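This report refers to the structure that appears directly beneath it.
All figures in this text were calculated on a predicted structure; none of them were measured in a lab. We're numbering straight along the sequence, starting at 1.
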Amino acid sequence: IKVTVGDGHRFNLRANGKVDNIIDQKKFRSVEEEEIEYAGVDFQFDLQTADTNGIAKLIGVKMPDLRATKGSWRLTGGERGLTIQNARIASVSDRGLQIIATGEVPYIDVSPGAGRPEFNVQFNAQAPQLGAIPGLENVNFPKLGGMQAEALLKHREDALDLETIQIRTG
């Protein structure tokens, strides 16, 4: 299965993969018990955007526009649950701020009423100077040189944890 969504310039999402087995259970049960069983889900997703505005709207968050973004991830599993592996999204601003997020969602419960899945996302950022960070471009900082930052974001039991924050300059 190959699917491409987007305008080919500002937003482009490609999915390439397979579903090994799909069984429409309503053939075997009453109409009220409609259910589809599937197995062997394996899709590679690739994302390219001209800016981060579309991504922010898609996931429902506000963030500064960091310009062009590229991403990829793999979705695997079956009717009992899905997994997102090897997720990587990278963006570079006009001022040289580079942000890379990598992570995984070890188990996505696809049953009705399931809660939000747990996840781990590692953020890495680099900038040639602190003024390259959106919102800080007009602040007079001493000449500290480049900036590097790392943080680990985890979602566990309906709580977000921001761990292992490191910021280095010079």
Side-chain angles (χ1 to χ4, degrees), residues 1-22 36 38-127 132-135 146-168:
I1 300 171
K2 290 183 181 183
V3 177
T4 300
V5 178
D7 62 7
H9 173 66
R10 295 196 55 77
F11 183 87
N12 193 34
L13 176 64
R14 289 186 311 263
N16 186 5
K18 65 179 181 164
V19 179
D20 285 340
N21 190 11
I22 299 176
I36 296 177
Y38 54 93
V41 174
D42 190 353
F43 281 90
Q44 178 65 39
F45 287 86
D46 294 295
L47 171 72
Q48 286 187 310
T49 68
D51 55 45
T52 54
N53 291 327
I55 295 172
K57 288 179 186 174
L58 184 67
I59 60 175
V61 298
K62 289 185 178 186
M63 68 169 122
D65 182 16
L66 299 175
R67 311 308 293 153
T69 301
K70 291 184 179 184
S72 63
W73 60 93
R74 185 171 178 197
L75 178 70
T76 60
E79 70 178 282
R80 301 219 188 279
L82 299 171
T83 300
I84 295 176
Q85 305 164 331
N86 305 322
R88 183 180 194 280
I89 296 178
S91 186
V92 180
S93 75
D94 290 340
R95 294 180 164 268
L97 172 63
Q98 178 184 41
I99 298 177
I100 299 172
T102 57
E104 66 178 7
V105 182
Y107 178 73
I108 303 168
D109 186 348
V110 295
S111 62
R116 291 188 176 137
E118 295 182 352
F119 61 80
N120 302 305
V121 179
Q122 176 72 41
F123 290 94
N124 293 292
Q126 293 183 18
I133 298 171
M147 181 275 308
Q148 294 182 342
E150 297 177 8
L152 179 61
L153 180 66
K154 293 183 175 185
H155 181 262
R156 300 282 181 273
E157 299 175 11
D158 292 326
L160 285 176
D161 295 324
L162 190 57
E163 301 177 359
T164 321
I165 301 170
Q166 296 180 9
I167 300 173
R168 295 177 297 281

Sequence neighbours excluded, the answer for side chain to side chain donor-acceptor pair (under 3.5 Å) partners of R74 is D42

Check your understanding: With side chains defined as the heavy atoms from C-beta onward, is the minimum distance between L13 and F45 less than 4.5 Å?
Key -> yes

Minimal heavy-atom distance between S93 and A132, with the atoms involved, is OG-O, 4.2 Å

Show your reasoning for whether side chain to side chain contact (heavy atoms under 4.5 Å, CB included) applies to F119 and I84. CA-CA 9 Å; F119 61 80; I84 295 176; over 6 Å; no

Residues at least two apart in sequence or cross-chain that pass side chain to side chain contact (heavy atoms under 4.5 Å, CB included) with T52, listed by chain then number, are M63, D65, L66, T69, S91

Notebook entry, point to check: Side chains of V3 and F43: closer than 4.5 Å at any heavy-atom pair?
Noted result: no

Note: A151 and L162 closest approach over all heavy atoms is CB-CD1, 3.9 Å

By salt bridge (charged side-chain N to carboxylate O under 4.0 Å, His left out), K154 pairs with (sequence neighbours left out) E163

Sorted by chain and number, sequence neighbours left out, side chain to side chain contact (heavy atoms under 4.5 Å, CB included) with I133 holds for L130, L136, M147

Residues passing the side chain to side chain donor-acceptor pair (under 3.5 Å) test with Q148, sequence neighbours excluded, are R168

Using residues 96-106 as the side-chain source, report each donor-acceptor pair under 3.5 Å to any protein atom, sequence neighbours left out, with the distance given to one decimal.
none

Tell me, do W73 and N86 make a side-chain contact under 4.5 Å, heavy atoms counted? no

For R14, the side chain to side chain contact (heavy atoms under 4.5 Å, CB included) test, sequence neighbours excluded, returns T4, N12, D46, Q48

Sequence neighbours excluded, the answer for salt bridge (charged side-chain N to carboxylate O under 4.0 Å, His left out) partners of D20 is K18

Next on the checklist: What verdict does the side chain to side chain contact (heavy atoms under 4.5 Å, CB included) test give for F123 and L152, after you've listed the backbone C-alpha separation in whole Å, the side-chain angles of each residue and the deciding distance to 0.1 Å?
Outcome noted: CA-CA 6 Å; F123 290 94; L152 179 61; over 6 Å; no

Please determine whether the number of non-hydrogen atoms from other residues, nucleotides or ligands lying under 6.0 Å from atom CD1 of I165 exceeds 12. yes

ask   = Any sub-3.5 Å donor-acceptor pair from H155's side-chain atoms to N120's backbone N or O?
value = no

Sorted by chain and residue number, the side chain to side chain contact (heavy atoms under 4.5 Å, CB included) partners of A114 (sequence neighbours excluded) come out as D109, S111

Residue pairs meeting ring-ring contact (aromatic ring centres under 6.0 Å, His included), one or both in residues 86-108, sequence neighbours left out, come to none

Applied to residues 90-102, the salt bridge (charged side-chain N to carboxylate O under 4.0 Å, His left out) test, sequence neighbours excluded, yields R67-D94

dist Q85:CD -> T76:OG1 (nearest 0.5 Å) comes out at 4.0 Å

Residues at least two apart in sequence or cross-chain that pass side chain to side chain donor-acceptor pair (under 3.5 Å) with R10, listed by chain then number, are D51

